[in-house]
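If you're wondering where the values come from, they're calculated on a predicted model, not measured in any experiment.
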Amino acid sequence: MKLTPEEAKPATTRLKRAAGQLNAVIRMLEEGHECEEAVTQLAAVAKAIDRAGYLVVATGMKKCFTDEPDAYDEKKLEKMFLSLA
């Protein structure tokens, strides 16, 4: 299954935001900020990436069930979903 750029836009927006947060964490570490601040921001980045992944899977599943209900591969979808766990 392929997502159109429009379908993927919410996930790409989240990932771009996460990339900005990650760059900020790198700067924090390079500048010697407190570890607690860096870890808090790293947790936020990880959560943003996880949410983007789930968004891609959810969008793909919706697309499979609505556009191609007879063509979806249940094992492939399950594997994709579990890879985020």
Side-chain angles (χ1 to χ4, degrees):
M1 114 200 67
K2 290 184 180 180
L3 299 180
T4 66
E6 194 60 36
E7 291 168 327
K9 187 171 180 147
T12 57
T13 299
R14 283 180 188 261
L15 290 171
K16 287 177 183 179
R17 192 175 311 127
Q21 286 177 299
L22 184 56
N23 286 331
V25 172
I26 292 167
R27 272 193 312 279
M28 289 170 66
L29 293 172
E30 290 174 341
E31 294 171 2
H33 285 253
E34 292 291 326
C35 291
E36 185 178 357
E37 285 181 71
V39 170
T40 299
Q41 289 303 312
L42 280 172
V45 171
K47 190 171 185 176
I49 292 170
D50 287 345
R51 286 181 180 228
Y54 289 122
L55 190 54
V56 169
V57 171
T59 304
M61 288 176 71
K62 286 179 199 172
K63 186 171 184 158
C64 282
F65 290 124
T66 56
D67 294 353
E68 308 166 28
D70 296 327
Y72 82 95
D73 182 344
E74 182 179 335
K75 290 290 181 190
K76 189 175 182 179
L77 287 173
E78 181 180 348
K79 183 179 178 182
M80 216 173 32
F81 184 76
L82 291 175
S83 70
L84 297 171

Practice item. Please report the shortest heavy-atom distance between Val56 and Ala11, naming the atom on each side. Key: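 Val56 and Ala11 have their closest heavy atoms at CG2-CB, 3.6 Å.
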Exercise for review: Using the side-chain hydrogen bond (donor to acceptor under 3.5 Å, both in side chains) rule, collect all pairs that involve residues 1-10, keeping only residues at least two apart or in two chains.
Suggested key: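 Sorted result for residues 1-10: Thr4-Glu7, Glu7-Lys63.
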Check your understanding: Pairs in or reaching into residues 30-40: which pass side-chain hydrogen bond (donor to acceptor under 3.5 Å, both in side chains), with residues at least two apart or in two chains?
Key ->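 The answer is Glu31-His33.
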Check your understanding: Is Val39 linked to Met28 within one hydrophobic cluster, defined over Ile, Leu, Val, Met, Phe, Trp and Tyr using a side-chain heavy-atom separation of less than 4.5 Å?
Key ->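 In one cluster: no.
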**Study point:** Among Ile49, Leu42, Ile26, Val45, side chain to side chain contact (heavy atoms under 4.5 Å, CB included) partner for Gln21
**Key:**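 It is Val45; the other options fail the test.
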Practice item. May I have all residue pairs that pass salt bridge (Lys or Arg N to Asp or Glu O under 4.0 Å) and include part of residues 42-62, sequence neighbours excluded? Key: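 Those involving residues 42-62 do not exist here.
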Check your understanding: Can you tell me how far CG of Leu55 sits from OG1 of Thr12, rounded to the nearest 0.5 angstrom?
Key ->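 Here the interatomic distance stands at 9.5 Å.
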